[in-house]
Number of protein chains: 2
Amino acid sequence: MSPLQLFKCLAEDTRLKILLLLSEHGELCVCELTCVLELSQPKVSRHLAELRKCALLADERRGKWVYYRLNDTLADWARELLALTAARNPDLLAPLYQNLQRMHDKPQSLCSQPASEESS
Amino acid sequence: MSPLQLFKCLAEDTRLKILLLLSEHGELCVCELTCVLELSQPKVSRHLAELRKCALLADERRGKWVYYRLNDTLADWARELLALTAARNPDLLAPLYQNLQRMHDKPQSLCSQPASEESS
DNA sequence: TTCATATATATGATATTTCGCATGTAACTA
DNA sequence: TAGTTACATGCGAAATATCATATATATGAA
């Protein structure tokens, strides 16, 4: 993973938010991301596909849902860079966490979702 | 400086190298950058102008030469991000430092240059 | 003033990215 | 089986980025 390739992935609003979210939150399925980001499903899915092709993300199907997380092979400096960016720019993620919270409080309010075990 | 804006600036090879170089080296003039990067002067100048407009870089004219450095107002997390990226990807900058060295050893070999006080 | 060097920018061509919309596929349910 | 939900992708349009070339400006020297 070259720095240039990483920065190209981070240079788009949707992909940036996805990567920072997954850096902090660990794992989310596509429908959760779609709801949290308030974007169309094809748009989210297309960006996820790109991040998958760059080996930044790994996906895992569990039943109907496909969960995405940072790829285990991702270099440490890239992980540190994502963590640094997320920690130092809380304003960027705050509204997204609000959406995630609202979604788990009122499941039908925004979109469907998988059964939530517990929020980490 | 939003994360998105920073990453857009870093998502191009020439701009990435300029920012990492200046993050580590402190200050370079346009002709030094042009030689080190082995690119045309208009190309380097155009990317410098963009980084200036984004307030990532500051320029200062001294005689015939214009020196660029990281803008003093640049946020700490952005500085840390640049330093982290440069430190963890030495392969990216190594050939550029070789060019800088060669340029200072044999001034006429690649292009003209300002009088070099001392290399840091 | 004239010339040379250093740097900046305008312009139009080309390449890349992003998008919406429609449609395809996979898994579960009835 | 048919229907529904979750997700992926093909495709052309629109927006954006990048580039080479030519030219403009600024400084210092002659």
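Computed from a predicted model, the values in this text were never measured in an experiment. Lettering of chains follows the sequences in order, A, B, ..., and the numbering in each one begins at 1.
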Trainee: Report yes if a side-chain nitrogen or oxygen of A:Lys64 is closer than 4.0 Å to either non-bridging phosphate oxygen (OP1 or OP2) of C:dC28; otherwise report no.
Mentor: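 For C:dC28, neither OP1 nor OP2 has a side-chain N or O of A:Lys64 closer than 4.0 Å.
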Trainee: Separation of B:Glu32 atom CD from C:dA6 atom P, in whole Å?
Mentor: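 After rounding, the reported distance stands at 11 Å.
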Trainee: Which whole-number value in Å describes the distance from A:Leu4 CG to C:dT16 P?
Mentor: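 Atom CG in A:Leu4 sits about 13 Å away from atom P in C:dT16.
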Trainee: Here's a test of your reading of the structure: between B:Pro42 and A:Gln41, which maps to the more 5' nucleotide of DNA chain D?
Mentor: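 Residue closer to the 5' terminus by nearest nucleotide: A:Gln41.
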Trainee: Output the rounded distance in Å from CZ (B:Arg61) to P (D:dG28).
Mentor: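 Going from CZ in B:Arg61 over to P in D:dG28 covers 8 Å.
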Trainee: Are a donor atom and an acceptor atom from the side chains of A:Arg52 and A:Tyr68 found within less than 3.5 Å of each other?
Mentor: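 Yes, because at least one side-chain N or O of A:Arg52 sits under 3.5 Å from a partner of the opposite role on A:Tyr68.
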Trainee: Measure NZ/A:Lys43 against P/D:dT9 and give the value in whole Å, please.
Mentor: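 To the nearest whole Å, that distance equals 18 Å.
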Trainee: Can you confirm if the NZ or CZ of A:Arg62 lies within 45° of the ring axis of A:Tyr67 and under 6.0 Å from the centre of its six-membered ring?
Mentor: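 Yes, A:Arg62 and A:Tyr67 form such a contact.
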Trainee: For A:Val30, is there any backbone N or O sitting under 3.5 Å from a side-chain donor or acceptor partner on A:Thr34?
Mentor: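 Confirmed, A:Thr34 side chain pairs with A:Val30 backbone.
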Trainee: Hey, are B:Glu60 and B:Arg69 close enough for a salt bridge, meaning a charged N less than 4.0 Å from a carboxylate O?
Mentor: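 Salt bridge between B:Glu60 and B:Arg69, a charged N being under 4.0 Å from a carboxylate O: yes.
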Trainee: Please check this pair: side chain of B:Asn99 against backbone of B:Val36, looking for a donor-acceptor N/O pair closer than 3.5 Å.
Mentor: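 Here the side-chain-to-backbone pair exists.
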Trainee: How many whole angstroms separate atom CG of A:Leu37 from atom P of D:dC7?
Mentor: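 Whole-Å distance recorded here is 13 Å.
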Trainee: Over how many whole Å does the gap from A:Lys8 atom NZ to C:dA15 atom P extend?
Mentor: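 Computing the A:Lys8:NZ to C:dA15:P distance gives 15 Å.
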Trainee: Does the side chain of B:Tyr68 get closer than 4.0 angstrom to OP1 or OP2 of C:dA6 through an N or O atom?
Mentor: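 False: B:Tyr68 side-chain N/O out of range (4.0 Å or more) of C:dA6 OP1/OP2.
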Trainee: Establish, from distance only, whether the side-chain atoms of A:Tyr97 and A:Glu24 form a donor-acceptor pair under 3.5 Å.
Mentor: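 Result is yes, a qualifying pair exists.
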Trainee: Between A:Leu57 (CG) and D:dC7 (P), how many Å, whole number?
Mentor: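 Going from A:Leu57 (CG) to D:dC7 (P), I get 14 Å.
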Trainee: Starting at atom CD1 of A:Ile18, determine the distance to atom P of D:dC7, rounded to an integer number of angstrom.
Mentor: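 Going from CD1 in A:Ile18 over to P in D:dC7 covers 13 Å.
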Trainee: Strictly below 4.0 Å, heavy-atom distances to any atom of DNA chain C: list the hits from residues 44-53 of chain A, or just say none.
Mentor: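 Of all residues in residues 44-53 of chain A, the ones placing a heavy atom under 4.0 Å from DNA chain C are A:Arg46, A:His47.
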Trainee: Below the 4.0 Å mark, does D:dC7 have OP1 or OP2 next to a side-chain nitrogen or oxygen of A:Tyr67?
Mentor: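 For D:dC7, OP1/OP2 do not have a side-chain N/O of A:Tyr67 under 4.0 Å.
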Trainee: Given 3.5 Å as the limit, does a donor-acceptor pair link the side chain of B:Arg15 with the main chain of B:Cys9, or not?
Mentor: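 Yes.
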